[in-house]
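Everything below concerns the one structure shown next.
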Amino acid sequence: MDLQAKKIALRKMPHGVYVVGLKGHSQLNAFTATWLTQVSFTPPLVALGVRKDSHTFTMMQEGKVFSVNFLGKNQKSIAEHFVKPASVVGEKLQGIPHKLGITGSPILEEAIAFIECEIREIANEQGDHAVIIAEVVEAGVHRDEPALTLMDTGWHYGG
Ligand SMILES: Cc1cc2nc3c(=O)[nH]c(=O)nc-3n(C[C@H](O)[C@H](O)[C@H](O)COP(=O)(O)O)c2cc1C
């Protein structure tokens, strides 16, 4: 395989940029994610790719829930903040206004919209990311605006 072509082709897939909120046994966390897509209407399911060696993955296995916070076009700085590893910067939600949703997952007050999800399946045998399949159990819209995409940010995650 032409590795350069693989990288360029895979990066043609359009993605959003989200802040995923988590509830572990004793703490909250949030991280920036882009590998998210809807995979069922009934029930409403989404699939999220999560790095197996991340703090996030451990917390997902503990709490079995997460929120997805959708950002507006001018909110790249929020995504930038949540990219930093919790192991390096500590409590990322400190100083960021948020409330807890019905699942106990953090919802950012500045997000344009959010969903809350309960994890139904984790496929983690292949690859460096696990595929988390989760049911959408709650949703809210703060402002019905266009959402931030990976292309808007000029960043890449994939290839
Ligand atoms: C643009 C962008 C998109 C990302 N998307 C994902 C993703 O979909 N899944 C994932 O596990 N990590 C993704 N990451 C990496 C995490 O944001 C990063 O590993 C973060 O430090 C994890 O936070 P944690 O240490 O609190 O778990 C992405 C990073 C960037 C810059």
Side-chain angles (χ1 to χ4, degrees), residues 6-40 44-101 103-108 110-136 146-159:
K6 177 202 61 120
K7 184 160 142 184
I8 293 170
L10 284 173
R11 288 183 174 183
K12 300 289 180 205
M13 282 193 278
H15 288 286
V17 177
Y18 317 100
V19 175
V20 172
L22 304 152
K23 180 190 80 167
H25 284 325
S26 58
Q27 52 172 341
L28 299 173
N29 187 34
F31 78 111
T32 298
T34 193
W35 287 358
L36 175 80
T37 189
Q38 182 165 4
V39 291
S40 167
L45 298 176
V46 294
L48 173 68
V50 177
R51 261 180 55 187
K52 288 180 189 169
D53 63 358
S54 64
H55 183 56
T56 294
F57 184 47
T58 310
M59 287 186 71
M60 280 197 166
Q61 290 168 298
E62 287 175 6
K64 300 193 168 41
V65 292
F66 61 87
S67 60
V68 179
N69 293 274
F70 298 84
L71 301 174
K73 292 286 185 196
N74 60 357
Q75 293 184 313
K76 179 179 171 182
S77 60
I78 300 178
E80 217 154 6
H81 174 78
F82 286 102
V83 158
K84 295 166 195 155
S87 55
V88 176
V89 296
E91 178 50 72
K92 282 185 267 185
L93 282 159
Q94 205 166 16
I96 307 278
H98 63 278
K99 60 178 186 179
L100 301 187
T103 61
S105 311
I107 312 285
L108 303 190
E110 287 185 273
I112 60 168
F114 69 88
I115 54 174
E116 285 184 78
C117 304
E118 290 178 358
I119 295 174
R120 299 284 181 246
E121 279 179 55
I122 300 180
N124 66 358
E125 280 181 26
Q126 307 281 324
D128 49 15
H129 283 57
V131 179
I132 316 285
I133 298 172
E135 182 166 349
V136 178
L148 186 68
T149 67
L150 200 53
M151 193 175 279
D152 295 328
T153 64
W155 299 337
H156 291 293
Y157 193 79

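Read the numbers this way: they start at 1 and go in the same order the structure lists the ligands and their atoms.
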Ligand 1 to G49 polar contact by distance, N or O atoms, under 3.5 Å: yes
Which segment of N29 sits under 4.0 Å of ligand 1 when only heavy atoms are counted: side chain
Passing candidate, side-chain contact (heavy atoms from CB on, under 4.5 Å) with L22, options T58, T56, L93: T56
For atom 16 (C) of ligand 1, closest protein heavy-atom neighbour: T32 O, 3.6 Å
Ligand 1 atoms in contact with K84 (distance to a heavy atom under 4.0 Å): 21 (O)
Proximity to ligand 1 by part of L150, non-hydrogen separation under 4.0 Å: side chain
K92 versus K84, closest heavy-atom pair with distance: NZ-O, 2.7 Å
Closest approach of any protein heavy atom to atom 18 (C) of ligand 1, naming residue and atom: V83 O, 3.5 Å
Intermediate values then yes/no, side-chain contact (heavy atoms from CB on, under 4.5 Å), L28 and L100: CA-CA 10 Å; L28 299 173; L100 301 187; 3.7 Å; yes
Contacting atoms of ligand 1, where contact means under 4.0 angstrom from a heavy atom of R51: 10 (C), 11 (O), 19 (O)
Under 4.0 Å to a heavy atom of T56 - the qualifying atoms of ligand 1, by number: 23 (O), 24 (P), 26 (O), 27 (O)
N/O donor-acceptor pair under 3.5 Å between R11 side chain and G158 backbone: yes
Nearest-contact summary for atom 5 (N) of ligand 1 - protein heavy atom, Å: T34 N, 3.1 Å
Identity of the nearest option to atom 6 (C) of ligand 1, non-hydrogen atoms only, from W155, Y157, F57, F82: Y157
More than 12 heavy atoms of other groups within 6.0 Å of E110 CD: no
Atom indices of ligand 1 within 4.0 angstrom of W35 heavy atoms, with elements: 8 (O)
Proximal ligand 1 atoms for V50, defined as those under 4.0 Å from one of its heavy atoms: 11 (O)
Heavy-atom nearest neighbour in the protein, as seen from atom 25 (O) of ligand 1, with distance rounded to 0.1 Å: A86 N, 2.9 Å
A33 N/O to ligand 1 N/O under 3.5 Å: no
Qualifying residue for side-chain contact (heavy atoms from CB on, under 4.5 Å) with F66, from I115, T103, V50, L48: L48
Test of proximity, H156 against ligand 1: N or O pairs below 3.5 Å: no
Closest contact, heavy atoms only, V65 versus I119: N-CD1, 4.0 Å
Contact summary for A130 and K52, nearest pair of heavy atoms: N-CG, 3.8 Å
Atoms in ligand 1 flagged as close to F31, the criterion being non-hydrogen separation under 4.0 Å: 9 (N), 10 (C), 11 (O), 12 (N), 16 (C), 17 (O), 22 (C), 23 (O)
Side-chain donor or acceptor of S67 paired with backbone N/O of V20 under 3.5 Å: no
Mutual orientation of the aromatic rings belonging to H129 and Y157 [parallel < 30°, tilted 30-60°, perpendicular > 60°]: perpendicular
K92 touching ligand 1 at heavy-atom level, < 4.0 angstrom: yes
Check ion pair K73-D152 (N to O, under 4.0 angstrom): yes
